[in-house]
2 protein chains.
Amino acid sequence: MSNSLSNKDVEFLTALYYKENMNNTNRVIVSRRDRPAKDPLSRELIVRTAYELLKEQGLAGMSMRKVAKALDTGPSSLYVYVNNLEELNSYVLDSGLGELVLPDSGEGSWKDRLFGALNSYFLLLIENPGLAEISFSTIPRGDKYMELIEYILAALHEGGVSPKSAAWGVDLLLLYVTSIAFEKHTWRKNGTMQPLDIKETFKNADPIRFPFIRSLNEQMFSEGTELQERFRWGLEATLQGIQLNNK
Amino acid sequence: MSNSLSNKDVEFLTALYYKENMNNTNRVIVSRRDRPAKDPLSRELIVRTAYELLKEQGLAGMSMRKVAKALDTGPSSLYVYVNNLEELNSYVLDSGLGELVLPDSGEGSWKDRLFGALNSYFLLLIENPGLAEISFSTIPRGDKYMELIEYILAALHEGGVSPKSAAWGVDLLLLYVTSIAFEKHTWRKNGTMQPLDIKETFKNADPIRFPFIRSLNEQMFSEGTELQERFRWGLEATLQGIQLNNK
DNA sequence: TATCATTAACGAACAGTGTTCTTAAAGAAC
DNA sequence: GTTCTTTAAGAACACTGTTCGTTAATGATA
């Protein structure tokens, strides 16, 4: 058994200490001047710190408390600059989108530009799976995301897609990209059942009840370089669907 | 200031009480025989209870502790039948999928059956948004889900879609259905920024930087009966894309 | 029938979470 | 020099999933 103090002990003792020194006189307060200078808090600093944590440890590593600790402060301090976690998430998402480089307009065909934009969005999410996680639990808001939407709308317009189909199409395309990136991430992190186990389940599926699953299970799982091919295929399919359903 | 005991007080006192009565003699133990008879726990009972909570209160209302409380037991009791929350989620998801009714094979064209199946999956997720939530955080495993996949694969096969395209296409179609259902749910529950606020953001977008967003914002938001139309459109588009990219 | 081994059940505790309330310090304005 | 306002931060609240260890009841064995 450990001989050190438990969390609760420490909590109790610090509380006691705090209370002891509350009797107005003799308060023990360390002036902030005596401590090393700290950058003053700001939303920008908070978001930047959170984004760094996200990149290093994923969404789970980016709690309010962990961000606060990284900034060497208490969790409540953050609430001056950010209303809640949901909001911080959306700021971080937009901050991440800042790293997105869209092809210069006028470069290549509209389709090249469209796929270029979506591909660089895809790569960003793959490189930084935390962003993919966030984008599923957060309604994206912010300039960078709007720029991406605007860019796609413009490309689709150039491609002769009608306004309504374009409006619904952006959604479809972005949904697709985010989902594939997120799916890849979910499968990578080891839950109760690993991808391999799933593979086994499909491979060993009862051939009487599930003949198609049995015969297709080679095609169902793609990895490595195949992912790019599959991603491209879905993009192509989705785009063609949009173009054909012009209304 | 409240005069009642805090959680921590109660914790402390009960712990004390517990320890006091540990001295072998004079133990205060309520025989289980004296309590009203309780159904014995089982995975099935746990999953059923969890699913009920999910339907009533969504994913947030389906924690291990809440399920345990609903079963009038402690949280640890559940771990005999279920390894962790993730696993419970996947059981609940499959349990929900049990309510899915797929069109009889041989009824209508392959496309009718395909869309019929996807539509009833969609309706199930809309009626029970908790399921949509789960399906995003959980790799679906279980017989019911495999039946759905098998059904779709069979329909696509009948429609002349190649094996590879079919395998990738199921994914695309299911991803689409889940995403739309989930999106609708996310927008409904009021976060920091309501759908209306988002609408405003788009409506008031700078017409110089975002001309397309400005001119298309009517089309970007659909609700009510329009949702069905939009859902159908996306389905049609996705399917056509799959068919055209036969490889 | 009495003893033993097994197991389901479950309370307590641990280590976390987001958020709020309150108070203290610092800086600005008068 | 005194007020007012903003920023910071500690403590507390009400949760979360999961683990550990101890009971109480059950079924099998002697």
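Order of the sequence lines sets the chain letters (A, B, ...), proteins ahead of strands, with each chain counted from 1. The model shown is predicted, which means the values in this text are computed figures rather than measured ones.
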TODO: Ignoring backbone atoms, test whether Tyr81(B) places a side-chain nitrogen or oxygen under 4.0 Å from the OP1 or OP2 oxygen of dA8(C).
DONE: no

Open item on the list: Using side-chain heavy atoms (C-beta onward) and a distance below 4.5 Å, is Leu78(B) in contact with Leu71(B)?
Closed with: yes

Task: Integer-rounded Å distance: dA8(C) P and Leu71(B) CG - done: 16 Å

Task: Separation of dG21(D) P from Tyr79(B) OH (nearest whole Å) - done: 17 Å

- [ ] Among the candidates dC10(C), dT16(D), dG18(C), find the nucleotide nearest to the side-chain atoms of Ser77(B).
- [x] dC10(C)

Task: Pair Tyr91(A), Glu87(A): side-chain N/O donor-acceptor within cut-off below 3.5 Å - done: yes

TODO: Could you state the atom-to-atom distance from CG of Asn89(B) to C1' of dG17(D) in whole Å?
DONE: 12 Å

Open item on the list: Does dT19(C) have its OP1 or OP2 closer than 4.0 Å to a side-chain nitrogen or oxygen of Ser76(A)?
Closed with: no

Task: Leu85(A) CG to dG16(C) C1', straight-line distance once rounded to whole Å - done: 14 Å

Task: Interatomic distance where CG belongs to Asn84(A) and P belongs to dT19(C) [whole Å] - done: 5 Å

Open item on the list: Any N or O donor-acceptor pair under 3.5 Å from the base of dG17(D) to the side chain of Arg65(B)?
Closed with: yes

- [ ] May I ask you to evaluate whether Ser63(B) reaches the phosphate of dT16(D), defined as a side-chain N or O under 4.0 Å from OP1 or OP2?
- [x] yes

Task: Pairwise distance CD1(Ile134(B)) to CG(Leu93(B)) - rounded to 0.5 angstrom - done: 6.0 Å

Open item on the list: Would you compute the distance between atom OG1 of Thr178(B) and atom OH of Tyr121(B) and round it to the nearest 0.5 angstrom?
Closed with: 4.0 Å

Task: Integer-rounded Å distance: dG17(D) C1' and Leu59(B) CG - done: 13 Å

TODO: Please state whether the phosphate of dT16(D), meaning OP1 or OP2, lies under 4.0 angstrom from any side-chain nitrogen or oxygen of Lys66(B).
DONE: yes

Task: Heavy-atom closest pair, residues Met64(A) and Val82(A) - done: CE-CG1, 4.2 Å

Open item on the list: Between C1' on dC15(D) and CE on Met64(B), what's the gap in Å once rounded to a whole number?
Closed with: 16 Å

TODO: Starting from C1' on dT16(D), measure out to CG on Leu88(B) and report it in whole angstrom.
DONE: 14 Å

